[in-house]
Every structure is written in structure tokens, then in C-alpha cells.
Asker: 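To start, I am sharing the structure in question, which I have written as C-alpha cells.
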Protein chains: 2
Amino acid sequence: MVTIQDVARAAGVSAMTVSHVINDHPHVKTETRARVLQAITDLDYRVNVAARNLRTGRTGTIGLAVPEVDRPYYGQLAAEIITAAARHNLKVAIEQTGASREGELDALALSRNRLYDGLILSTVGLGPADTDLLKVDYPMVILGERIFDGPVDHVAMPNVEGARAATAHLIERGCRRVVLIDGGPPGDEVDVSSLRYDGYREALAEAGIPLDPRLLVHIDGLTMEQGAAAARRVSESGVEFDGAFCVTDTVAMGALRGFADAGVRVPQDVKVIGFDNIAEGAYIVPSLSSIDPDHALMASTAVRFLVGRLAEKGKKRQVAREFISRFTVVARESTGG
Amino acid sequence: MVTIQDVARAAGVSAMTVSHVINDHPHVKTETRARVLQAITDLDYRVNVAARNLRTGRTGTIGLAVPEVDRPYYGQLAAEIITAAARHNLKVAIEQTGASREGELDALALSRNRLYDGLILSTVGLGPADTDLLKVDYPMVILGERIFDGPVDHVAMPNVEGARAATAHLIERGCRRVVLIDGGPPGDEVDVSSLRYDGYREALAEAGIPLDPRLLVHIDGLTMEQGAAAARRVSESGVEFDGAFCVTDTVAMGALRGFADAGVRVPQDVKVIGFDNIAEGAYIVPSLSSIDPDHALMASTAVRFLVGRLAEKGKKRQVAREFISRFTVVARESTGG
DNA sequence: TTGTAAGCGTTATCAC
DNA sequence: GTGATAACGCTTACAA
């Protein structure tokens with residue numbers, strides 16, 4: 001392994017001078033710099049990041065903890081974050097939490113191992129009750145649901161507003177009996193499902209449509225499989241409906257399949273809208289209407305918040321910031337174009 | 001920051017004893033161990049991975065370089081690899097190469113920074129000409145196309161055989177004029193497209209069907225967008241066809257949209273099959289027939305190869321191994337069920 | 001069974 | 001402009 005000492009010897013300087021060159025410090029004679037760079041090239045020297053990290057406390061890598069990388073939404077989010085982080089010369093290591101509270105706590109603990117300079121945590125399992133656990137001593141940004149009065153920076157989706165707009169969009173298109181396929185009965189957790197359920201309720205109330213509990217379909221996990229099963233179930237239940245708001249696009253893709261299985265036509269018999277605007281939605285048949293929360297903006301904001309924290313170092317810490325993304329309604333074939 | 005010294009002081013032992021406890025070394029009195037563990041809990045001590053890494057040369061993290069994490073295929077592959085790596089107590093850091101030769105070379109170089117113990121590189125841009133570049137001095141496994149006589153371990157898909165089976169499946173279902181949507185004219189690179197083109201040709205030859213160049217549709221990138229455009233193009237070209245083999249499922253999903261746009265019905269007018277068996281394929285309408293290369297097996301094999309290399313340390317290096325995965329044809333609605 | 005000493009490769013500090 | 005020294009937190013080798 002080639003070390004900084006080897007380079008120094010080859011260039012006829014001290015290790016410190018090599019270090020100065022590597023780190024772009026001023027006050028190095030142009031000629032010396034050239035000699036050092038030449039030696040670095042000749043020997044194919046690479047800095048040992050671990051050693052640098054030990055000395056500086058920085059790794060140049062941030063952690064990104066998401067429920068599952070194979071769900072399109074998180075894959076697309078991860079890609080955006082990698083892109084945004086690269087602009088700050090940061091690398092991203094992705095952790096999977098398995099969408100569980102335990103997995104998210106693990107991610108919190110792991111980052112204490114100082115492998116990463118900071119952590120972007122996409123929560124689904126942690127709730128307001130876990131506020132204390134978020135008081136970590138390293139830079140962190142929460143990406144996801146709103147945690148009331150959380151002590152950390154927070155980038156959230158416009159969940160309630162987006163869900164209200166999605167439901168209102170269905171109503172505008174003539175739906176009066178809108179099924180909600182979501183992740184379970186509202187509990188005390190502030191999770192995606194209950195927030196989006198709030199939006200759904202608000203939109204119905206605004207339109208003067210009474211909420212019919214038989215139109216609330218709860219599923220166990222936000223997967224295509226569960227979405228498909230839910231759509232089949234409601235189709236065979238005998239309950240009348242003419243619209244469906246699915247809590248995520250992944251669930252909606254499953255629901256489209258479930259309706260097809262049940263012989264229910266989209267959008268003629270039922271209009272369907274999801275939430276997230278994943279890339280696949282524009283290509284499936286029928287293409288999927290959705291709420292687009294501007295992932296790129298969320299990703300770049302999360303990274304910007306984290307970079308801000310990284311820079312705080314000695315200075316006193318700023319108060320926790322919150323950013324709620326904007327959204328647009330994307331009308332496609334599944335709601336009639 | 002709590003260090004091993006702090007723990008030692010609190011437990012009334014030396015740092016070495018703490019180290020022994022942390023690393024599960026035997027020869028520590030039960031009572032001493034308990035005292036140390038108590039101190040660790042009390043102080044909320046975490047090992048500094050960078051320091052350990054500097055000393056041991058191990059990080060406990062492997063790198064995974066894939067073209068793009070937001071393509072379903074790679075997302076699902078990454079999830080499998082994370083799962084397989086976790087069984088060996090290894091974490092996975094994901095890099096994006098952007099599907100370019102440069103990006104892949106960057107990934108190769110980055111791992112020299114010793115951030116990772118080893119690298120799983122999913123190649124699409126590197127070819128046999130780059131064999132020399134793969135002679136790196138750290139554990140590496142190539143995941144993807146076959147690189148002739150490569151000097152590294154290699155886990156490959158059954159590209160030619162799978163493509164042949166996919167095409168044969170269309171022929172079995174009655175297709176005689178099978179469109180191939182692939183990534184470009186076969187060059188000297190051994191890439192997915194040219195390998196799968198070989199399989200396509202073989203299947204046609206076996207069935208005694210002459211190859212019609214007008215049925216070869218080349219696209220610029222293996223995306224849904226390109227797939228959709230290709231399907232529209234061939235539909236409007238006036239060329240007759242009754243089947244389509246798309247080089248990946250992502251391209252096939254795009255093609256399904258393109259055919260729908262052009263008023264071509266699947267599977268009545270054209271039967272469509274992809275390659276990769278991504279999860280979405282089972283849910284879209286019509287569901288997508290595909291070649292399943294057993295991702296889980298590929299992922300676990302890649303990790304196993306890498307773990308084997310990690311263990312080599314002092315011993316002499318074994319010869320490079322090669323594993324070609326098996327495959328199955330998954331017949332769904334897009335080829336008539 | 002526990003502890004001492006040394007060093008992994010780098011950089012902050014400060015002297016020259 | 002350049003370099004000597006020490007230190008980051010940990011573990012290997014060996015001593016007690």
C-alpha cells in the first residue's frame with residue numbers, strides 16, 4: 001500500500017508538504033507542487049480515508065436510511081439524494097431499515113459509529129413519542145412525516161394538503177364514492193396513512209360528501225401485492241364506489257391490477273389516483289394520476305440542511321428547521337386524462 | 001466523544017480489556033466482562049469505526065456500484081445484496097456509476113481509498129478491452145456481463161440462453177415476426193444488448209425463421225421512455241410483426257405503453273416478453289412475461305465470492321471464479337398467459 | 001487473565 | 001514555504 005510517506009520520499013519532500021498539496025493548501029511553491037503531483041501519479045497514491053477520518057473526524061460520506069431500496073419511490077429518492085450530495089462532494093451510503101421502528105433505531109445507533117458525517121433518515125416507524133431518541137449528537141435530517149416539535153431538521157411532504165388535492169381531483173372528475181386504500185386505521189402515530197387520511201376526510205367534507213366507513217380499505221403494508229388484494233376485496237364487497245385514492249403510487253399500481261382482475265375498468269368504472277408520482281406511473285396502462293411532491297426539491301433541501309449542520313462544527317447550533325415541499329396534481333389516464 | 005479509554009477508566013480496567021470484551025475474545029473473567037459491559041452501557045460508548053479500520057484494515061462495509069439505483073432492476077438487486085451481505089455482518093454502500101464507462105472507472109478508483117473492504121461492480125460500460133483495469137489489489141466481484149478471461153470473480157446472467165428462451169417462447173406462442181428492441185447495433189463490446197441479440201438470433205435460426213433487419217429496433221438507453229418510443233416507431237413503420245422481445249423489463253414496460261399509444265393490442269396483436277423479471281412485471285396490465293435470472297441467487301453468490309476473497313488475506317489468491325446463474329421463463333398475460 | 005508499548009496513515013500546530 | 005512532532009482511537013504482539 002502506497003502511503004503519504006512513500007510519496008514524500010519519491011518527491012524529496014516531507015509528508016506534510018504532500019498533505020498540503022493534497023488538500024489544496026496555499027503556500028506551496030508551484031514547482032514543489034508539481035513534483036509532488038508527479039510522484040502521486042507515478043506511485044498511484046490514494047489517500048487512506050480511514051486515517052484522514054480518524055484525524056479530522058470527517059468521512060466525506062453521509063448515511064441515507066430508507067425503508068426499502070427496491071420500492072420505486074425510495075429508489076428514486078435515493079437517486080436524487082445521491083445527485084444532490086455529489087454536488088457537495090459527499091458520498092452516500094444507503095441503509096435499509098425494513099420500514100420498522102427497530103430498523104430506524106438501528107440506523108440512528110449505527111451512525112454513532114462515526115462512519116458517516118451525518119444521516120438522512122426517512123422515517124415511517126418513528127413517531128412523536130420517539131422525539132427524545134432523535135436528540136443525537138451528530139448532524140441529522142428527518143425526511144418524511146412531520147414529527148411535532150422534533151429537535152432535528154425536517155423535510156416533509158405536504159401530506160395532508162396533497163391528499164386533499166388528490167381526493168378533490170377525483171371529486172372534480174365526478175366521483176362521489178371514493179375508496180381510500182391506506183395503511184391501517186389511524187392510530188396515534190403521525191404516519192403517512194393517517195396524515196393522508198386526514199386530507200381525504202377534509203376533501204370529502206369540503207364537498208359535502210359524508211364519509212362512508214365501508215369505503216376505507218386498510219392494508220398491512222404499502223406494497224403492490226396489498227394494493228391488488230385491497231382492490232379485489234372492495235370490488236367483490238358489493239359496496240358501490242366510483243373513485244379510489246391510494247396512499248402511495250406503489251399501492252395504486254397494485255390496485256390497478258386488482259381492479260383489472262375484478263373486471264372493474266379504470267377510469268370508466270372507477271377513477272384512481274396515487275401519491276408520490278413515481279416514474280413508472282407515466283408509462284403503465286392506464287397511466288397513473290398522482291400527487292407529485294417534487295422529490296428533487298426535497299432531496300436537495302435535505303442535503304442542504306445536512307450540509308449546513310456539517311458546517312456548524314464549533315459554532316453554536318442553529319434551531320431546527322422545517323421544510324414542507326410543494327406539490328402538483330398530475331392528471332393522467334387513470335382519472336380520465 | 002466517549003472513547004475506549006473512558007470506558008476503561010469507568011470500569012477500572014485497561015483499554016485492552018475493554019477491547020477484548022468488545023471483540024468477544026475469550027480469557028476475560030465473567031465478572032470483569034460484566035463490569036466493562038456496564039460501563040459501555042452507562043457511557044453509551046460506540047466503537048470508532050475509523051480508528052478500528054485504520055488498525056485492522058477492515059471497514060465492515062462493501063461497496064456496490066450500479067448504473068442507477070432508481071431503475072427497478074438495480075433497486076431490487078441492491079436490496080438482495082444488502083440482505084445477503086447482512087448475513088455476513090457486512091454493510092453495503094451504494095455508488096451510482098451512471099451506466100457509463102467513466103462512472104465505472106471512478107468506482108474502481110474510489111474503492112482504492114480503502115473505504116470499503118471490497119467492491120461488487122455491476123458493469124455495463126466496461127468491456128473485454130478493459131480487462132487490465134480490473135486487476136485491482138482489493139477484493140472485487142463483477143456482476144453482469146461476461147468479461148472474457150477476466151482476472152476477477154464474476155457472476156453473470158445467462159444472457160444468451162435466456163434471450164434464446166425468451167424468443168423461443170414467443171415462437172412457441174405462434175409468433176413468426178419477432179421485433180427485438182435492444183440497446184444498439186452489436187459492437188465489439190460484450191454488453192447486454194449484443195449478448196441477448198445473439199440469443200435472439202439463435203432462437204430464430206433454430207426455428208428456421210430468417211432474420212429480418214427491419215425488425216431490429218435500436219434504442220439509446222435502456223429506459224421506459226426509449227422503450228415506448230421504439231414501440232411507437234415500429235408500430236408506425238408499416239413493418240409487420242406479431243411479437244416483441246425487449247432487452248430488459250424496463251424497456252418492455254415502456255414498450256407496452258408505446259404499443260397502447262399506437263393502438264396495438266397486447267397480447268392479441270403482439271406478444272411481448274422482457275428480461276429480468278422485475279417485481280412490477282407481475283402487477284402491470286397486461287402482466288409482463290419475462291426471463292427470471294434468479295436475482296437472489298446471483299446476489300448471494302456475488303456476496304459469497306467477495307466474502308471468500310476477504311478471507312484470503314495472507315494466503316495466496318485463488319484463481320478467478322465464474323458463476324452463471326440459472327433462469328426460468330415466466331409466462332404471463334403479455335404472451336397470452 | 002490482564003496490561004504495556006507500539007503503530008496503523010493522516011493532519012493540526014507551530015517552529016524554522 | 002516547508003517540516004518535526006504529536007495525536008486521532010483502536011488493536012496486535014507480547015509481557016506480566
Side-chain angles (χ1 to χ4, degrees), chain A residues 1-37 39-40 43-61 111-117 137-138 313-314, chain B residues 1-40 43-61 110-117 137-138 313-314:
Chain A
M1 173 184 239
V2 181
T3 75
I4 205 170
Q5 302 290 352
D6 299 327
V7 175
R9 215 170 299 127
V13 297
S14 79
M16 263 331 291
T17 302
V18 178
S19 176
H20 286 144
V21 172
I22 294 170
N23 295 289
D24 270 333
H25 287 187
H27 309 312
V28 179
K29 225 190 333 190
T30 321
E31 188 220 12
T32 312
R33 178 187 309 276
R35 240 184 21 256
V36 170
L37 289 174
I40 288 177
L43 300 177
D44 195 27
Y45 163 79
R46 316 274 164 172
V47 295
N48 181 320
V49 180
R52 168 181 286 175
N53 170 25
L54 182 57
R55 190 60 244 239
T56 64
R58 286 295 189 81
T59 64
T61 299
S111 292
R112 293 221 180 84
N113 289 358
R114 314 274 155 189
L115 254 182
Y116 314 135
D117 294 340
D137 59 349
Y138 55 85
K313 224 165 107 175
Chain B
M1 173 185 235
V2 182
T3 75
I4 206 171
Q5 303 289 350
D6 300 327
V7 176
R9 214 169 301 125
V13 297
S14 78
M16 261 335 289
T17 303
V18 178
S19 176
H20 285 143
V21 171
I22 294 169
N23 295 289
D24 269 332
H25 286 185
H27 310 311
V28 180
K29 223 187 338 189
T30 322
E31 188 220 11
T32 312
R33 178 187 308 276
R35 237 182 27 254
V36 170
L37 289 174
Q38 186 59 50
I40 288 177
L43 301 176
D44 195 29
Y45 165 77
R46 314 275 163 171
V47 295
N48 181 320
V49 181
R52 169 182 284 174
N53 171 23
L54 184 56
R55 192 60 243 238
T56 63
R58 287 294 188 84
T59 64
T61 298
L110 269 167
S111 292
R112 292 219 182 86
N113 289 358
R114 314 275 155 190
L115 254 182
Y116 314 135
D117 294 342
D137 59 349
Y138 54 84
K313 224 166 106 175

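Quick caveat: nothing in here was measured; it's all calculated off a predicted structure. Lettering follows sequence order; numbering is per chain, from 1.
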Asker: How long is the line joining CG of B/N23 and C1' of D/dA13, in whole Å?
Answerer: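 Those two atoms, CG and C1', are 15 Å apart.
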Asker: Output the single nucleotide from D/dT2, C/dT1, D/dC8 whose closest atom is nearest the side chain of A/L54.
Answerer: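 The listed nucleotide nearest to A/L54's side chain is D/dC8.
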Asker: Is the backbone of B/R52 close enough, under 3.5 Å, to the side chain of B/T56 for a donor and an acceptor to pair up by distance?
Answerer: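 Looks like yes, one N/O pair under 3.5 Å.
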Asker: Where the side chain of B/A51 is defined as all heavy atoms beyond and including C-beta, which of D/dG9, C/dG9, C/dT13 is the nearest nucleotide?
Answerer: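 That would be D/dG9.
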Asker: Considering only D/dG1, C/dT2, D/dC10, which nucleotide approaches the side chain of A/K29 most closely?
Answerer: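 For the A/K29 side chain, the nearest candidate turns out to be D/dG1.
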Asker: Nearest whole angstrom, please: distance from the P of D/dG1 to the CZ of A/R35.
Answerer: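 It works out to 14 Å between those atoms.
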Asker: When the distance from NE2 of B/H27 to P of D/dT12 is rounded to whole Å, what number comes out?
Answerer: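 Rounding to the nearest Å, NE2 of B/H27 and P of D/dT12 are 14 Å apart.
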Asker: Does C/dG3 have OP1 or OP2 under 4.0 Å away from a side-chain N or O of B/T17?
Answerer: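 So the side-chain polar atoms of B/T17 do come within 4.0 Å of the phosphate oxygens OP1 or OP2 of C/dG3, strictly under.
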Asker: For the pair made of CZ in B/R46 and P in D/dC10, what is the distance, rounded to whole Å?
Answerer: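 Taking CZ of B/R46 and P of D/dC10, I get 13 Å after rounding.
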Asker: Would you say that A/T3 contacts A/R9 through its side chain, given a criterion of any heavy-atom pair below 4.5 Å between the two side chains?
Answerer: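 A side-chain contact under 4.5 Å is absent here.
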Asker: Rounding to a whole Å, what distance do you find between A/R58:CZ and D/dG9:P?
Answerer: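 A/R58 atom CZ is separated from D/dG9 atom P by 16 Å.
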Asker: Please report the distance, rounded to the nearest Å, between CE in A/M1 and C1' in C/dG7.
Answerer: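 For the pair A/M1 CE and C/dG7 C1', the rounded distance is 14 Å.
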Asker: From D/dT12, C/dA12, C/dC8, pick the nucleotide closest to the side chain of A/H25?
Answerer: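 Of the options given, the side chain of A/H25 lies nearest C/dA12.
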Asker: Considering non-hydrogen atoms only, spot the tightest contact between B/V49 and B/T59 and give its length.
Answerer: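 B/V49 and B/T59 have their closest heavy atoms at CG1-O, 4.0 Å.
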Asker: Counting only side-chain N and O atoms of A/N53, is one of them less than 4.0 Å from OP1 or OP2 of D/dC8?
Answerer: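 For D/dC8, neither OP1 nor OP2 has a side-chain N or O of A/N53 closer than 4.0 Å.
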Asker: Could you point out which residue of B/V28, B/I22, B/V18 forms a side chain to side chain contact (heavy atoms under 4.5 Å, CB included) with B/V36?
Answerer: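 Exactly one option meets the side chain to side chain contact (heavy atoms under 4.5 Å, CB included) with B/V36, and it is B/V18.
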Asker: Between D/dT11, C/dT10, C/dT4, spot the one nearest the side chain of B/I4, thanks.
Answerer: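 Per side-chain heavy atoms of B/I4, the pick is D/dT11.
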Asker: If you find the nucleotide of DNA chain C closest to A/S19 and the one closest to B/S14, which residue's nucleotide is nearer the 5' end?
Answerer: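 Its nucleotide being nearer the 5' end, the pick is B/S14.
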Asker: Looking at C/dT2, I'd like to know if its phosphate oxygens (OP1 or OP2) sit under 4.0 Å from a side-chain N or O belonging to B/T32.
Answerer: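 Affirmative; the distance criterion is met.
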Asker: Please give, in whole Å, the distance from C/dC8 C1' to A/D6 CG?
Answerer: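 It is 14 Å, rounded to the nearest whole Å.
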Asker: To the side chain of A/N48, which of C/dG9, D/dG9, D/dT11 is closest?
Answerer: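 Between C/dG9, D/dG9, D/dT11, the one nearest the side chain of A/N48 would be C/dG9.
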Asker: Among D/dT5, D/dT11, C/dT10, find the nucleotide with the atom closest to the side chain of A/M16.
Answerer: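 Nearest to the side-chain atoms of A/M16, counting from C-beta on, is D/dT5.
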Asker: Between atom NE2 of B/H25 and atom CE of B/M16, what is the distance when rounded to the nearest 0.5 Å?
Answerer: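 It comes to 7.5 Å.
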Asker: Picking from C/dT11, D/dT12, C/dT2, which would you name as closest to the side chain of A/A15?
Answerer: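 Between C/dT11, D/dT12, C/dT2, the one nearest the side chain of A/A15 would be C/dT11.
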Asker: Assess whether one donor atom and one acceptor atom, taken from the side chain of B/R55 and the base of D/dT11, lie less than 3.5 Å apart.
Answerer: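 Such a pair is found, so the answer is yes.
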Asker: Could you please name the option among C/dG3, C/dT10, C/dT13 that lies closest to any side-chain atom of A/V47?
Answerer: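 Output: C/dT10.
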Asker: Choose from D/dG3, C/dT2, C/dT10 the nucleotide whose nearest atom is closest to any side-chain atom of A/H20.
Answerer: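 My answer, after comparing the listed nucleotides, is D/dG3.
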Asker: Within this structure, what is the CZ-to-C1' distance between B/R52 and D/dT12, rounded to whole angstrom?
Answerer: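 About 14 Å, once rounded to whole Å.
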Asker: Roughly how far apart are A/N48 CG and A/L54 CG, rounded to 0.5 Å?
Answerer: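 Atom-to-atom, A/N48:CG and A/L54:CG are 10.0 Å apart.
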